[in-house]
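Throughout, numbering of the chain's residues begins at 1 and tracks the sequence. Excluded from the calculations below are hydrogen atoms, water molecules and symmetry mates; all remaining heavy atoms, backbone and side chain alike, are included. Since the model is a prediction, treat every value here as computed from it, not as a measurement. Note that ligands are numbered from 1 as they come in the structure, with each ligand's atoms numbered from 1 the same way.
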Amino acid sequence: METTLIILKPDAVQRGLMGKIISRFEDKGLAIVGMKMMTISQELAGTHYGDHKGKPFYDGLVGFMTSSPVLVMAVQGVGAIAMCRKMMGATFGSKAEPGTIRGDFGSSNSFNLIHGSDSPEAAAKEIGLFFNDGDIQTMDRAIQGWVYDMASGSPE
Ligand code: IDP
Ligand code: MG
């Protein structure tokens with residue numbers, strides 16, 4: 001099981017796309033185990049996007065991410081990190097494949113609706129940045145045995 005950090009960016013919240021995007025993850029069989037709305041501070045945006053510091057789009061990115069509330073989610077499932085990245089689509093809305101979240105809902109390269117952790121290391125770090133201990137739920141989902149083949153004892 002992996003847990004990944006997903007952020008529905010200010011454009012997704014303002015455009016009323018939260019429900020549609022959340023539904024895609026739920027429809028896929030992923031579990032939402034943490035969720036909160038927040039306005040990201042300059043400091044948190046800077047830490048979260050620290051790797052991009054110095055790039056031409058960095059100031060615009062921090063300005064965008066702090067401009068209006070976001071929805072932060074912890075999303076869990078087998079292979080959830082790579083699966084969510086695939087569901088998000090390529091970074092630029094103009095290039096993302098139809099069928100992906102960015103490909104279906106976005107046209108802009110910077111206002112691209114969604115963030116998702118890109119590795120297990122990033123996921124652990126980002127969940128720690130955006131959630132407090134105890135914010136991530138542990139739950140026995142009644143549907144788990146139908147989302148996954150549990151014949152071997154572990155989800156497949
Ligand atoms: P990712 O979100 O697909 O992982 P990254 O390359 O990590 O993409 O970039 C982080 C965010 O910075 C993107 O989601 C996008 O909002 C913004 N961004 C990246 N490259 C550009 C660019 O060339 N122009 C404008 N914004 C960009
Ligand atoms: Mg990235």
Check: Asn112 main-chain N/O paired with Arg102 side-chain donor or acceptor under 3.5 Å: yes

Cationic N near anionic O, under 4.0 Å, Lys53 to Asp59: no

Shortest protein heavy-atom distance from atom 26 (N) of ligand 1, along with the residue and atom involved: Ser110 CB, 3.5 Å

Shortest protein heavy-atom distance from atom 13 (C) of ligand 1, along with the residue and atom involved: Asn112 ND2, 3.4 Å

Heavy-atom nearest neighbour in the protein, as seen from atom 4 (O) of ligand 1, with distance rounded to 0.1 Å: Arg85 NH1, 2.9 Å

Under-4.0 Å heavy-atom contact with ligand 1, by part of Phe64 that carries it: neither

4.0 Å heavy-atom contact, Arg102 with ligand 1: yes

Close approach of Asp118 to ligand 1, heavy atoms, under 4.0 angstrom: no

Residue part near ligand 1, for Leu61, under 4.0 Å between non-hydrogen atoms: side chain

Beyond-backbone contact of Met38 with Leu71, side-chain heavy atoms, under 4.5 angstrom: no

Protein heavy atom at shortest distance from atom 3 (O) of ligand 1: Thr91 OG1, 2.6 Å

Other residues, nucleotides, ligands: >12 heavy atoms within 6.0 Å of Lys20 NZ: no

Shared hydrophobic cluster for Val70 and Met35 (ILVMFWY, side-chain gaps under 4.5 Å): no

Part of Lys9 with heavy atoms under 4.0 Å of ligand 1, whether side chain, backbone, both or neither: side chain

Atom 23 (O) of ligand 1 [closest protein heavy-atom partner, distance rounded to 0.1 Å]: Phe92 CZ, 3.4 Å

Residue pair Ser152 / Glu156, side-chain donor-acceptor N/O under 3.5 Å: yes

Nearest neighbour in protein (non-hydrogen) for atom 24 (N) of ligand 1: Phe57 CB, 3.8 Å

Contacting atoms of ligand 1, where contact means under 4.0 angstrom from a heavy atom of Tyr49: 10 (C)

Part of His48 with heavy atoms under 4.0 Å of ligand 1, whether side chain, backbone, both or neither: neither

Atom pair CG/CD1 of Leu30 and Ile22 - distance to nearest 0.5 Å: 13.0 Å

Option set Lys55, Met65, His52, criterion heavy-atom distance to atom 7 (O) of ligand 1, minimum: His52

Tyr58/Tyr49 aromatic ring centres below 6.0 Å: no

Which donor-acceptor pairs under 3.5 Å do the side chains of residues 122-134 make with protein atoms, sequence neighbours left out?
| unit_1 | atom_1 | unit_2 | atom_2 | d |
| --- | --- | --- | --- | --- |
| Glu126 | OE1 | His115 | NE2 | 2.9 |
| Glu126 | OE1 | Ser117 | OG | 2.6 |

Within-4.5 Å side-chain heavy-atom neighbours: Val72 and Ile6: no

Close approach, Met88 and ligand 1, non-hydrogen under 4.0 angstrom: no

